[in-house]
There are 2 protein chains.
Amino acid sequence: MLEQTASEDQVVGALLSLSRAFVGLAARSLADLDEDVTLPQYRTLVVLVSRGPQRIVDLAQELTVTSSTATRMCNRLVRKGLVARQERPDDRRAAWVTLTAAGRDLVGEVMRRRRESLAGLVGELAMTRPLAFAATLNALVEAAGEIPDAQWWQRWETAVD
Amino acid sequence: MLEQTASEDQVVGALLSLSRAFVGLAARSLADLDEDVTLPQYRTLVVLVSRGPQRIVDLAQELTVTSSTATRMCNRLVRKGLVARQERPDDRRAAWVTLTAAGRDLVGEVMRRRRESLAGLVGELAMTRPLAFAATLNALVEAAGEIPDAQWWQRWETAVD
DNA sequence: CAAGATTAATGCAGTAGTGCATGGTTTGTT
DNA sequence: AACAAACCATGCACTACTGCATTAATCTTG
């Protein structure tokens with residue numbers, strides 16, 4: 001190992017704290033919503049927001065569950081009015097699961113609150129040296145790589161406009 | 001509002017992506033462990049790591065569940081060998097829940113993996129300008145404030161040594 | 001068209017998590 | 001000593017999540 005370990009540890013330590021803060025924030029932005037949506041359910045909604053209408057099998061694949069689980073997950077979300085099944089003519093076996101307006105709104109609201117919290121959190125920090133700050137963070141995000149859909153929330157925003 | 005909104009949005013956007021990356025990383029660092037521990041169970045273990053041995057009521061309070069739920073949560077964790085009940089002489093009503101070595105190790109392993117992922121993620125970035133980077137992040141962590149126990153993992157590390 | 005593959009739903013079965021109400025033990029307070 | 005309070009466990013009831021095996025409908029392909 002090299003001698004950078006000391007400062008590297010500082011960085012990693014800071015990131016760990018940051019990670020904890022973020023995870024808590026993300027959890028709260030969902031829990032504070034009075035809607036009674038579980039985490040697996042929310043994940044399902046997010047898949048639909050980012051990937052668009054999906055068949056049950058695709059949904060199951062994306063969530064790494066069996067299709068029977070996906071089927072029943074959709075039942076619950078349908079019961080809550082957050083998604084809808086839609087038959088399509090070209091393949092009458094497949095059931096296309098789509099978001100309802102309520103489902104879109106819910107994910108949007110969670111995202112909005114998340115952005116709000118983060119914005120408040122950053123606040124003055126961004127005021128003082130915003131660009132360097134953004135650059136640092138973006139470099140980090142890029143380093144994180146493997147975020148398959150780093151812009152998915154952006155896509156959602158444009159879709160809502 | 002001021003005209004900084006554009007750059008602020010960049011910052012918030014970067015943070016959102018970062019948050020997603022972190023949440024995913026945190027989830028994976030638990031899921032990749034072959035141990036069959038659920039999120040609520042892990043939360044319980046974390047409370048015990050950070051707060052030390054707890055009575056059922058305190059645990060329930062901390063997790064914001066009823067004590068019956070806490071009781072049964074402990075049953076499950078006892079069955080998995082991750083915590084143990086310990087009667088104490090000074091109050092024979094109370095059952096003190098303590099971590100076993102296996103429980104400590106599990107939390108430690110999750111933390112280790114998390115640190116490892118983050119370290120790998122930062123890597124070269126920290127190499128080039130480590131101190132400025134750490135400073136930025138620490139400022140952000142400080143801004144996040146309200147992390148009640150930002151150093152809890154540190155405490156754990158020293159406790160293990 | 002017939003055989004096989006794909007897709008979704010359902011019955012069955014199990015664990016996890018949750019709260020409410022109840023009972024039992026122990027402690028604390030008159 | 002009697003009564004109240006604290007603490008835990010348990011019975012009961014319910015929802016969510018999960019997979020496996022099966023069935024039914026619908027393509028697809030030979």
Side-chain angles (χ1 to χ4, degrees), chain A residues 27 30-48 51-98 103 106, chain B residues 27 30-48 51-98 103 106:
Chain A
L30 178 58
D32 287 359
L33 222 55
D34 57 348
E35 301 275 349
D36 189 27
V37 177
T38 66
L39 207 62
Q41 285 169 16
Y42 182 71
R43 273 186 69 211
T44 306
L45 295 182
V46 167
V47 168
L48 289 174
R51 299 259 200 278
Q54 297 282 301
R55 299 179 309 164
I56 293 285
V57 263
D58 302 329
L59 217 45
Q61 166 100 31
E62 200 68 38
L63 300 169
T64 55
V65 295
T66 61
S67 56
S68 76
T69 296
T71 292
R72 278 185 271 250
M73 181 73 74
C74 286
N75 291 346
R76 287 186 283 264
L77 289 172
V78 165
R79 190 162 13 109
K80 292 181 181 176
L82 298 174
V83 311
R85 279 189 179 81
Q86 213 163 0
E87 49 186 34
R88 60 162 40 194
D90 60 323
D91 187 341
R92 284 166 48 207
R93 292 170 301 181
W96 285 77
V97 183
T98 65
L106 188 144
Chain B
L30 180 57
D32 286 359
L33 220 57
D34 56 349
E35 301 275 349
D36 187 28
V37 177
T38 67
L39 207 62
Q41 286 169 16
Y42 182 71
R43 273 187 67 211
T44 306
L45 296 181
V46 167
V47 168
L48 290 174
R51 298 260 199 280
Q54 298 281 301
R55 299 180 307 164
I56 293 285
V57 263
D58 302 329
L59 218 44
Q61 167 99 32
E62 201 68 37
L63 300 170
T64 57
V65 295
T66 61
S67 56
S68 76
T69 296
T71 292
R72 278 185 271 251
M73 182 72 74
C74 286
N75 290 346
R76 288 187 280 263
L77 290 172
V78 165
R79 189 159 16 106
K80 292 180 181 177
L82 299 174
V83 310
R85 281 191 178 80
Q86 211 162 2
E87 49 186 35
R88 59 159 42 192
D90 60 324
D91 187 341
R92 285 166 47 205
R93 293 170 299 184
W96 286 77
V97 183
T98 64
L106 187 145

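Order of the sequence lines fixes the chain letters, A, B, ..., with proteins taken first and strands second; residue numbering starts at 1 for each chain.
For the pair R85(B)/L77(B), no side-chain contact is recorded, criterion being any heavy-atom separation below 4.5 Å from C-beta on. Residues R55(A) and W96(A) have side chains in contact (heavy-atom distance under 4.5 Å, counting atoms from C-beta outward). In this structure, R93(A) and I56(A) have side chains that are not in contact, with every pair of non-hydrogen atoms separated by 4.5 Å or more.
Taking every heavy atom of residues 73-95 of chain B and every atom of DNA chain C, pairs under 4.0 Å involve M73(B), R76(B), R79(B), K80(B), D91(B), R92(B), R93(B), by number.
As judged by a 4.0 angstrom heavy-atom cut-off over every strand, S68(A) is placed among the base-contacting residues.
Straight-line distance from the CG atom of L59(B) to the P atom of dG17(C): 13 Å, rounded to whole Å. Rounded to whole Å, atom C1' of dA16(D) lies 15 Å from atom CG of L39(B). I56(B) places its CD1 atom 14 Å from the P atom of dG19(C), with the value rounded to the nearest Å. Atom CG of D36(B) and atom P of dT15(C) are 12 Å apart (whole Å). D58(A) places its CG atom 8 Å from the P atom of dT7(C), with the value rounded to the nearest Å. Taking atom CZ on R55(B) and atom C1' on dA5(D), their separation rounds to 13 Å, with Å as the unit. Residue L63(A) contributes atom CG, which lies 8 Å from atom P of dT18(D) at whole-angstrom precision. A straight line from CZ of R72(B) to P of dC14(D) spans 15 Å, rounded to a whole angstrom.
Taking CG of L30(A) as the reference point, atom CG of L106(A) lies at 7.5 Å (rounded to 0.5 Å). Once rounded to the nearest 0.5 Å, the distance linking CD of E62(A) with CG of L59(A) reads 8.0 Å.
Counting only heavy atoms from C-beta on, Q41(A) has its side chain closest to dA16(D) among dG17(C), dC7(D), dA16(D).
The side chain of T71(B) places an N or O atom within less than 4.0 Å of a non-bridging phosphate oxygen (OP1 or OP2) of dA9(D). For T69(B), no side-chain nitrogen or oxygen approaches OP1 or OP2 of dT18(C) to under 4.0 Å.
Applying the side chain to side chain contact (heavy atoms under 4.5 Å, CB included) rule to R76(A) yields the partners Q41(A), R72(A), M73(A), R79(A); only residues at least two apart in sequence or on another chain are considered.
Comparing V65(A) and W96(B) by the nucleotide of DNA chain D that holds the closest heavy atom to each, the one mapping nearer the 5' end is W96(B).
The residue from L48(A), N75(A), T44(A), T98(A) that alone fulfils the side chain to side chain contact (heavy atoms under 4.5 Å, CB included) condition with V83(A) is L48(A).
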